[in-house]
Amino acid sequence: MPTDSHERLIRPARNVYGSLRLPGDKSISHRYAMLGAFAEGKSRFTNFSTGADCASTLACMEALGAKVNRLGSDAVEVTGVAGRVTPADHPLDCGNSGSTMRMISGLLAPQTGNFSLTGDASLSRRPMERIRKPLEAMGAHIALTEGHAPVAIEGARLRAIDYTTPVPSAQVKTCVLLAGLQTAGPTTVRESVRTRDHSELALRAFGATITRTVDSVSIAGPQALHGIEAAVPGDISSAAFFMCAAALFPGSGLVIDALGMNPTRATLLDVLTALGAHISVLNLEEKHAELVGTLRIAAPADGLGSTQVSGALAAQLIDELPVLAAIAPSTRGGIRIRDAKELRVKESDRILQVARNLRAMGAEVTEFEDGLDVPGGQTLHGAAIDAGGDHRIAMAFSVAALRAEGETLIQGAESAAISFPEFFDLLDLVAER
Ligand code: S3P
């Protein structure tokens, strides 16, 4: 089979074994970059995400007046604009990154001037009404094209709101909080499922006062932020691919160091444990209120069992569902996923892509509007996989391919670089052939 820079051939593995340290968490890197660029003074981040998405955030913030100084591949120094951005004379290119577009919109809505945010073809198909609605309720002027990017913002003085998110979304929550940061009075966001709370922790780290209850978070603006120095914890959503790979091979053993263990991101540990994997977490410490630790994982001797992911779990595991579904045929009892309709509006329609690619590998799968049923006890065969321009699909099927009979060709493998450019090299490091 031919290989070029856009395709990657994945050979089956005998085992997964070794130790790793992963690049910085994408979600935390976005927030540190935005807040550092908005704050007063200098910030310095080490183990900053190496993914293209966070580079998009840095480039947007640079275009808005922040100074960004790259100190090697994963360290960056940012000098902030002290709460007042300079409108750029060109649209801000958010690339493939929904986080960049949705969160920066909240930061810009209360600023002075006109702003336009654009994205690639995938991002231009994703729903933006979810940020327009709360921002307009605050008095912002936002224009979309049929609910999509480009996002045109005419800065305005906003009023504080109390907003309940209709769909659990950390990006929408953050968008409203970043607008609330600059708006007089208390702005509150209520959510039915607690989504990742990196914004709340990061805002506090940069000096803001935030209050929380079980199901709400409030910020009373206006408040100033001050630069920080921080090491970004390893990305647990990137680790998910390696954890799932290790969980597939009896006799496996993987240690991942300096990994982000924020409880709002660590649901996969519970799910893999329920499937029978042996997981332990050592050396837990806090860095700017983010938990960081060493994770060990080994597969059960008799293979993975079965599980169902639905309700709040589906929202908390949303980025890990593609790889869970991709390993499901290799479990004994299969995996059922429901209440995950959001998967259809991610970088691709991930329900469709997972079903299509599992079938290409010979698996039986039933697709639902909000999930998938993937029976266990199925042997995959190598196939040509279309990543559909989606980083998590490219990586999920590279993991499934380790247990397939024959070789698998991942087409569109370059999309892994959106979150995790080192993925294929690290997979080669720990996959024993
Ligand atoms: C993210 C939130 C999630 C997630 C995305 C990153 C974040 O999206 O899927 O990869 O950093 O806040 P939603 O907020 O749309 O659920």
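Whatever order the structure lists ligands and atoms in, that order sets their numbers, starting from 1. It should be emphasised that the depicted structure is a prediction, and the values quoted were computed from it without experimental measurement. Computed over heavy atoms, backbone and side chain alike; hydrogens, waters and symmetry mates excluded.
T57 and R31 are not linked by any side-chain donor-acceptor pair at a separation below 3.5 angstrom, with hydrogens and angles left out of the test. Judged by distance alone, the side chains of R196 and S27 do bring a donor and an acceptor atom under 3.5 Å apart. Side-chain contact of S199 with T174: a donor-acceptor pair under 3.5 Å is present, judged by distance alone.
Checked against ring pair (Phe, Tyr, Trp, His ring centres under 6.0 Å), F241 has the following partners two or more places apart in sequence or in another chain: F423. Here F45 pairs with Y32 under the ring pair (Phe, Tyr, Trp, His ring centres under 6.0 Å) rule; sequence neighbours left out.
A pairwise comparison of heavy atoms in A277 and A247 identifies CB-CB, 4.4 Å as the closest pair.
The contact set between ligand 1 and A170, taken as ligand atoms under 4.0 Å from a residue heavy atom, comprises 12 (O), 14 (O). Interface atoms of ligand 1 facing I318, defined by a heavy-atom separation under 4.0 Å, are 9 (O). Of all the atoms in ligand 1, the ones that sit under 4.0 Å from a non-hydrogen atom of S169 are 13 (P), 14 (O), 15 (O), 16 (O).
At least one heavy atom of R196 lies less than 4.0 angstrom from ligand 1. R102 counts as a contact of ligand 1, since one of its heavy atoms falls under 4.0 Å from the ligand. Judged by the shortest distance from any of its heavy atoms, K346 lies inside the 4.0 Å radius around the atoms of ligand 1. Heavy-atom distances between R31 and ligand 1 reach below 4.0 Å in at least one pair.
Of the protein's heavy atoms, D319 OD2, 2.9 Å lies nearest to atom 10 (O) of ligand 1. Closest to atom 1 (C) of ligand 1 among all protein heavy atoms lies Q171 NE2, 3.5 Å.
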